[in-house]
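First comes the structure, then the notes that go with it.
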Amino acid sequence: MLTYDYVVVGNSAAAINACDAIRSLDQDGSLAVFGEEKRRCYSRPLISYLVMGYIDEKGMYYRPTDYYRKRRIDFHPGSRVEVVDLERHFLETSSGERFKWKKLLLATGFQPFIPPVEGLAEMRYLTFVSWDDARTMLRLTARPLRSLVMGAGLIGMKAAEALHSRGCEVVVVEKMDRILPLALDEVASEMVAARCREAGIEVTTGRSVSRVETRGGYRGTAVLDDGAELDFDLLVVAVGVRPRMELAEEAGLHCDRGILVDEHQRTSCPNVFAAGDVAAAFDLVRGEPAVNALWPIAALQGKYAGLNMAGREVPYPGGNSMNAVEFFGLPVLSAGVVNPPDDSYEVIVRRGEDGDYRKVVIQGDLLVGMLVAGKIERAGILTSLIQERANVRRIRNFLLEEGFGHIHFPRSMREERIVEAVAGLARAGKGEEKRIVSHAQGSALSGR
Amino acid sequence: MKRIIPREEYCIGCRLCEIHCMVQHSKSRNIIKAFKKEKRPAKRVEVEERGHVSFALQCRHCDEAPCITACLSGAMQRDAASGAVVHDPQRCVGCWTCILVCPYGAVRRDAAEKKVVGKCDLCPDLEVPACVANCPNEALVLVEE
Ligand SMILES: Cc1cc2nc3c(=O)[nH]c(=O)nc-3n(C[C@H](O)[C@H](O)[C@H](O)COP(=O)(O)OP(=O)(O)OC[C@H]3O[C@@H](n4cnc5c(N)ncnc54)[C@H](O)[C@@H]3O)c2cc1C
Ligand code: SF4
Ligand code: SF4
């Protein structure tokens, strides 16, 4: 039985960033990646861009063709891991092969949640989470058809946008009273919904599909909870995602709403790590473990898992929910708490004349949430203040100004961020001019 | 690794850095054409100003660059040779995730291209980046680690 120093199960954001981190510290250890899909790592969020024709198939790949070879990764594509044995340190794939590992990372991601809707089991539908789903959608929409999307979360809305771009009729049915309920607040949801409606997508909220009847293949009829009937030629089910933790559960790892990990992305078994959508890791706004099913979080957790696997004990700094969306020309960014659960939070809102909308959520002296729609530039400064848990008492009144930036920070904080935080440069800005390699030549006021 | 450091005590808020940056990243690299005839590219440096204080800020080329980790497409990468954080407009899909995570607000939507972002690339074709070279008061300096 072949033994690897490091084995990674999964081949997406968390997995690849873990590989990069492992290789940044250990060039020689043997490293294997098992991915159930046959493809090299691609970017899952880009599948709607592929359907819309915004990128071609080449644009889907997250890393270049020679990635695995260059990083000396034994890549096992099309190879599902079915058993993980924690005591004897081996795993078994669907083809019955066994491999031993010294350190293991579970980066098995998410799977779509299929609601217990009557008739769904007898139907063909798409969940729109993989490259194969994108291809199927492209094939089925060669001729425009009537489509129904169940669920108005990120994946549902991306599917709706993709179907719309293919000339399909699109109806979105959402059980909650608004679209993108987790990422946005009421105002922003309505702004996005209005854009979608203008573009011709029918958005129905506060209603749900209670039954579907197949009419053969992907075609069927949906019966809504108020009795309304909708015929469709293609159904997309996108009501939520769940961590794919069967493998971990069967192996006996502690799981709750995800695989539980400590601040080093380590599971309840010392040599086994988990990262990405499958892991419940520290959320620094909520102050407790949570699953934030997002690409940047998966990548960051993967990176920290990799560093820790390769022997550098560095705690994961924590993540928080965040979203970047754009539908029909309206960009909206949000981070942290956008819908405060009670009135211990203070909410400041600002609306510009041109449809611009900005909001911050403050708790005590901490900025814990932000949302900007329309003019999104520089919103990252707010995100970073949330993540740094910075005290914003002195700058709270400026947070929503259009020109908000480092200029509003106290000078010491600004210098620390701009000059000193960039490692290794602490002295350059403080008069150690010899490190300066260039400035303006022959400027009017030179000669200092 | 080269980095550009702003010196706010010297900045006079003239915004010449912004103008020269836009010209340098325009198609023609000609100031008149860039401003009058072409789609203006995103400025990759931003002058922040309030009262008498001002300074010009661009990408810090962070060591632990959040934009690289967060990028959905792999378009943000560290250049192995220079250490700079570079952006590949060919791979970028304009998802704005990097705008969401950049602590410096150093990434912007770039109207001159299809839906992509733009950020400071340290002017790889120039010996000294355009903003540094054209600052009239040496308020931007290029340092080497
Ligand atoms: C349409 C769509 C749009 C999205 N848009 C955004 C967005 O704009 N922004 C954002 O932040 N996020 C977005 N997401 C979410 C994002 O894709 C996920 O958060 C991210 O992919 C999680 O990465 P991961 O590495 O944890 O796992 P995943 O991407 O889920 O990958 C897990 C991999 O592991 C493999 N695997 C699982 N079990 C096994 C096994 N037993 N053996 C072998 N292989 C296995 C799977 O086949 C899969 O390839 C979107 C998702 C979808 C579907
Ligand atoms: S774009 Fe922003 S996050 Fe990325 S390296 Fe530059 S300053 Fe850092
Ligand atoms: S906008 Fe482009 S560079 Fe920024 S995260 Fe998205 S794909 Fe990456």
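Note that the structure is a prediction, hence the values are computed from the model and not measured. Letters A, B, ... are given to chains in the order of the sequence lines, protein chains preceding strands, and every chain is numbered from 1.
- When the candidates B:Cys98, B:Ala70, B:Pro129 are compared by the number of heavy-atom contacts under 4.5 Å with chain A, B:Ala70 comes out ahead.
- The side-chain tip of A:Arg414 does not point at the ring of B:Phe55 from less than 6.0 angstrom away and within 45° of straight on.
- The local environment of NZ in B:Lys114 is crowded, with over 12 non-hydrogen atoms from other residues, nucleotides or ligands closer than 6.0 Å.
- Proximity to chain A is limited to the side chain of B:Arg91, based on heavy atoms less than 4.5 angstrom apart.
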Which pairs of donor and acceptor atoms, one on a side chain in residues 325-333 of chain A, lie under 3.5 Å apart (sequence neighbours left out)?
unit_1: A:Glu326; atom_1: OE1; unit_2: B:Trp96; atom_2: NE1; d: 2.6

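- Dense packing is recorded around CZ of A:Arg411, with more than 12 heavy atoms of other residues, nucleotides or ligands lying under 6.0 Å away.
- Looking at B:Cys67, neither its backbone nor its side chain comes within 4.5 Å of chain A, counting heavy atoms on both sides.
- Here the closest non-hydrogen pair linking B:Val93 and A:Leu46 is CG2-CD2, 3.7 Å.
- Heavy-atom neighbours of A:Glu388 CD from other residues, nucleotides or ligands within 6.0 Å: above the threshold of 12.
- Closest of all the heavy-atom pairs between A:Pro296 and B:Thr97 is CG-CG2, 3.6 Å.
- When heavy atoms are compared at a cutoff of 4.5 Å, A:Asp20 does not approach chain B at all.
- Among A:Ile376, A:Asn17, A:Thr383, the residue with the largest count of heavy-atom pairs under 4.5 Å with chain B is A:Ile376.
- Salt-bridge formation is not detected for the pair A:Glu377/B:Lys43: no Lys NZ or Arg NE/NH1/NH2 atom is positioned less than 4.0 Å from an Asp or Glu carboxylate oxygen.
- Residues A:Tyr54 and B:Val116 share a closest heavy-atom pair of OH-N, 4.5 Å.
- The line from OG1 of B:Thr69 to CD1 of A:Ile297 is 10.5 Å long, rounded to the nearest 0.5 Å.
- For chain A, no part of B:Glu127 is nearby; none of its heavy atoms comes within less than 4.5 Å.
- Heavy atoms of B:Cys102 lying under 4.5 Å from chain A belong exclusively to its backbone.
- Nearest heavy atoms, A:Ile381 versus B:Pro103: CG1-O, 3.5 Å.
- Between B:Glu8 and A:His406 there is no side-chain heavy-atom pair separated by less than 4.5 Å.
- Contact of A:Tyr61 with chain B is made through the backbone alone, with heavy-atom distances under 4.5 Å.
- Contacts of B:Leu57 with chain A are made by side-chain atoms alone, with heavy-atom separations under 4.5 Å and no backbone atom involved.
- Nearest approach of B:Ile99 to A:Arg378, heavy atoms of both residues: CG2-N, 4.3 Å.
- Looking only at side-chain heavy atoms (C-beta outward), A:Tyr49 and B:Ser73 stay at 4.5 Å or farther from each other.
- By the 4.5 Å heavy-atom criterion applied to side chains, B:Leu100 and A:Met370 are counted as neighbours.
- Heavy-atom minimum distance, A:Ile418 versus B:Pro6: CG2-CG, 3.6 Å.
- A 6.0 Å sphere centred on NZ of B:Lys115 holds more than 12 heavy atoms belonging to other residues, nucleotides or ligands.
- Highest contact tally toward chain B, considering only A:Arg44, A:Lys303, A:Gln387, is held by A:Lys303 [criterion: heavy-atom pairs under 4.5 Å].
- With respect to A:Glu401 and B:Arg50, no salt bridge is recorded, no charged nitrogen being found less than 4.0 Å from a carboxylate O.
- Only the side chain of B:Gln77 comes within less than 4.5 Å of a heavy atom in chain A; its backbone stays farther off.
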